[in-house]
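What follows is a single structure, written as structure tokens, with notes after it.
All of these numbers come straight from a predicted model, not from anything done at the bench.
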Amino acid sequence: MKLLKDILYGISLRVVKGSTDVMVNAINFDSRQLDADGVFVAIRGTITDGHNYIEKAIHLGVKVVVCEELPKQLIDEITYVEVDNANSALAIMASNFYDNPSKNLKLIGITGTNGKTTISSLLYQLFKKAGFKVGLISTIKIMVDVEEYPTRHTTPDALIINQFLNKMNKAGVEFCFMEVSSHGIHQKRIEGLVFEGAIFSNLSHDHLDYHNSFAEYRDTKKVLFDTLGKKAFALVNIDDKNGMVMLQNSKARKYSYALKSYADYRAQILENQFDGQLLKINNHELWSKLIGGFNAYNMLAIYATADLLGLEKLEILRLLSELENVDGRFQYYISKGKITAIVDYAHTPDALKNVLRTINSLRTGNERVITVVGCGGDRDASKRPIMGDIASEMSSKVIFTSDNPRSESPALIIEEMESGVAPQNIRKIVSIENRKQAINAACQMASANDIILVAGKGHETYQETNGERIDFDDFKIVTGFLKRLDK
């Protein structure tokens, strides 16, 4: 139980009707999950407006209503709090309710279009290997040291974030690595959190269904750096022109990393092959099990972050060489028939281009690259023809298929991908709407030494169609087909 006036601390209040000297036992913003004697925060969402559920919340026993617009009829026994922004209020209240847990550990935020999951997950791995108690909040899962919890969002809502940070405090966690999405920033889910540092990986075409323009998408990411304190660090990839933009007006200590530009942390790729790559980081060589230029950037960001957090440099290099690939990120399998299957989360034009560029750089002869790829429904449609163009230009053969169609027609999504294919590449493409059949077809097409790329879903273990999720694991499916062909 917490006193209402304590959990309202730091919020911009417009109107308060009723007493703030009341004890509350929970905060909710979902009218389906209300607690008696709790607080209901009315959020204006993209689909529903929480203000329409205030009467229901009171009927179910909440003591306090926080909203952006007071109801016309007020009930004497209820405390009403009118605020400028309910999302912001929810985040600050959540932090206060859980005793401001981000202040009691070193929280690092990772943002960018690609690389967030790999960087955060491998930082978790590295610091665990170094002997620390560590937390992780990622697209794939939430970790409270060794305890694993599922997650469905890149950046969970403010209540879940603070609930798990509080669990981390109780478990003695010292460091937490957290993916920070543009949606999470825009919806104020990270407000009230204290970050020890922030990492910017890169910025490319994505989420323009949500943000009105690329500039808005970029500036939303920048908010994470604008809100850092003077003692925090800001680490950015300056090979991406948006890296310097992130540092503008930031009060944090500023650091850069790059493969092509002069930077505080620099790396070179000395060798690159299917079982790993030899890197030189700040004049020290190390062998990494992760391959490709995009992973060279990821490893460099991890090295820099560990250095900024006080780990010894040679120890960091040793630990980097031990890191294992993240599920669904260039995860590969080589069959007895010498067919290589690669599963990768590449669901943006830039990520798909990076993965195919890496695969093509590793080809030694006449191996064909057979790509299976789709685009998600109810998401940025403008990237679909671009994805179609990249896949068909950089592959020997392409099968367009479903990703997570959600409420859209899979056939129409595939048509939009086909519209981006250049005339000289049309002969390369086949369209198979059923994703499992598409993966099977790729396995049937492949011969010894060929490479199959299954792109777009990566670590996901489901496929979402018309509100229903069915079990679907790209890696299990493609390896299963190849094992049957080996018999």
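- Of the possible donor and acceptor atoms, one in the side chain of Asp240 sits under 3.5 Å from a partner among the backbone N and O of Asn242.
- Side chains of Ser402 and Gln463: no donor on one and acceptor on the other come within 3.5 Å.
- Counting only N and O atoms by type, the side chains of Glu433 and Thr401 include no donor and acceptor under 3.5 Å apart.
- Applying the ring pair (Phe, Tyr, Trp, His ring centres under 6.0 Å) test to Phe233 and every residue at least two apart in sequence or in another chain returns nothing.
- Atom CD1 of Ile137 sits about 12.5 Å away from atom CD1 of Ile108, to the nearest 0.5 Å.
- Taking NE2 of His186 as the start and CD of Glu216 as the end, the distance is 5.5 Å to the nearest 0.5 Å.
- A salt bridge links Arg469 and Glu464; the closest N-O separation between the charged side-chain nitrogens and carboxylate oxygens is under 4.0 Å.
- In terms of heavy atoms, Cys176 sits closest to Leu105 at CB-CD1, 4.2 Å.
- Here the side chain of Arg189 pairs no donor or acceptor atom with the backbone of Ala158 at under 3.5 angstrom.
- A tilted orientation is assigned to the rings of Tyr255 and Tyr265, their planes being inclined by 30° to 60°.
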Test side-chain hydrogen bond (donor to acceptor under 3.5 Å, both in side chains) on Thr348 and Asn114; report intermediate values, then the result. CA-CA 8 Å; Thr348 67; Asn114 303 309; 3.2 Å; yes
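- Under the ring pair (Phe, Tyr, Trp, His ring centres under 6.0 Å) criterion, Phe195 pairs with no residue, sequence neighbours left out.
- Of all heavy-atom pairs spanning Ala446 and Arg368, the tightest one is CA-NH2, 3.9 Å.
- A donor-acceptor pair is defined here as one N or O able to donate and one able to accept, closer than 3.5 Å; no such pair exists between the side chain of Thr465 and the backbone of Pro405.
- Residues Ala391 and Val398 share a closest heavy-atom pair of O-CG2, 3.2 Å.
- With hydrogens and angles ignored, the 3.5 Å screen pairs no side-chain donor or acceptor of Lys353 with any backbone N or O of Met394.
- Between the side chains of Ser182 and Lys221, no donor N or O sits under 3.5 Å from an acceptor N or O.
- Thr358 places none of its side-chain heavy atoms less than 4.5 Å from the side chain of Phe274.
- The ring-ring contact (aromatic ring centres under 6.0 Å, His included) test with Phe132 is passed by exactly one of Phe177, Phe127, Tyr124: Phe127.
- Here Lys428 contributes atom NZ and Ile370 contributes atom CD1; the two are 12.5 Å apart, rounded to the nearest 0.5 Å.
- In terms of the ring pair (Phe, Tyr, Trp, His ring centres under 6.0 Å) criterion, residue partners of Tyr149 (sequence neighbours excluded) are, by chain and number, Phe164.
- For Asp219, the salt bridge (Lys or Arg N to Asp or Glu O under 4.0 Å) criterion is met by no residue, not counting sequence neighbours.
- Nearest approach of Ala341 to Val478, heavy atoms of both residues: CB-CG2, 3.8 Å.
- Considering only residues two or more places apart in sequence or on other chains, Val421 meets the side-chain contact (heavy atoms from CB on, under 4.5 Å) condition with Ser392, Phe400, Asn425, Ile426, Ile429.
- The side chain to side chain donor-acceptor pair (under 3.5 Å) pairs that include a residue from residues 101-110 are Asn104-Asn169, where partners are two or more places apart or lie in different chains.
- Checked by atom type and distance alone, the side chain of Ser95 never pairs as donor or acceptor with a backbone atom of Ile92 at under 3.5 Å.
- Side chain of Gln277 to main chain of Gly292: a donor-acceptor pair is present (N/O by atom type, distance under 3.5 Å, no hydrogens or angles).
- With respect to Arg435 and Asp474, a salt bridge is recorded, a charged nitrogen being found less than 4.0 Å from a carboxylate O.
- A ring pair (Phe, Tyr, Trp, His ring centres under 6.0 Å) check over residues 435-487, counting only residues at least two apart or in different chains, returns the pairs Tyr345-His459.
- Between the side chains of Ser382 and Asp380, at least one donor N or O lies within less than 3.5 Å of an accepting N or O.
- Taking the side chain as every heavy atom from C-beta outward, Asn325 and Phe330 approach each other to under 4.5 Å.
- Checking each of Gln187, Glu191, Lys188 against Ser88 for a side chain to side chain donor-acceptor pair (under 3.5 Å) leaves exactly one that passes, namely Glu191.
- Annotation: side chain to side chain donor-acceptor pair (under 3.5 Å) contacts involving residues 280-294, sequence neighbours excluded, comprise Lys289-Glu324.
- Between the side chain of Lys129 and the backbone N or O of Gln125, no donor-acceptor pair lies under 3.5 Å.
- The backbone N or O of Pro101 lies less than 3.5 Å from no partner atom in the side chain of Asp99, so there is not a single donor-acceptor pair.
- Counting heavy atoms from C-beta on, the side chains of Ile342 and Gln331 never come closer than 4.5 Å.
- A donor-acceptor contact shorter than 3.5 Å links the side chain of Glu179 to the backbone of Thr139.
- To the nearest 0.5 Å, the span separating CD1 on Ile119 from CG on Asn295 amounts to 9.5 Å.
- Between Asp157 and Ile161, every side-chain heavy-atom pair lies at or beyond the 4.5 Å cut-off.
- Using a 4.5 Å heavy-atom cutoff, the side chains of Leu317 and Lys313 are not in contact.
- The shortest side-chain heavy-atom distance between Glu418 and Ile414 falls under the 4.5 Å cut-off.
- Judged by distance alone, the side chains of Arg329 and Thr117 do bring a donor and an acceptor atom under 3.5 Å apart.
- Among residues two or more places apart in sequence or in another chain, the side-chain contact (heavy atoms from CB on, under 4.5 Å) test is passed with Arg363 by Asn360, Glu367, Val369, Ser396, Ile451.
- The CG atom of Asn466 sits 10.5 Å away from atom CD of Glu408, with the distance rounded to the nearest 0.5 Å.
- Glu415 places none of its side-chain heavy atoms less than 4.5 Å from the side chain of Arg384.
- Here the shortest heavy-atom pairing between Leu356 and Ser395 reads CD2-OG, 3.7 Å.
- For Pro385, the side-chain contact (heavy atoms from CB on, under 4.5 Å) test picks out Ser419, with sequence neighbours left out.
- No hydrogens or angles considered: a donor-acceptor pair under 3.5 Å links the side chains of Gln273 and Asp275.
- For Asp239, the side-chain contact (heavy atoms from CB on, under 4.5 Å) test picks out Asn237, Ala258, Leu259, Lys260, Ser261, Tyr297, with sequence neighbours left out.
- When the side-chain hydrogen bond (donor to acceptor under 3.5 Å, both in side chains) test is applied to Gln268, no partner is found at least two apart in sequence or on another chain.
- Residues Ile281 and Leu286 form a side-chain contact, since some pair of their non-hydrogen atoms from C-beta on lies under 4.5 Å apart.
- Inspection of the Thr113 and Tyr217 side chains reveals an N or O donor paired with an N or O acceptor under 3.5 Å.
- The shortest heavy-atom contact between Leu228 and Lys251 is O-CB, 3.9 Å.
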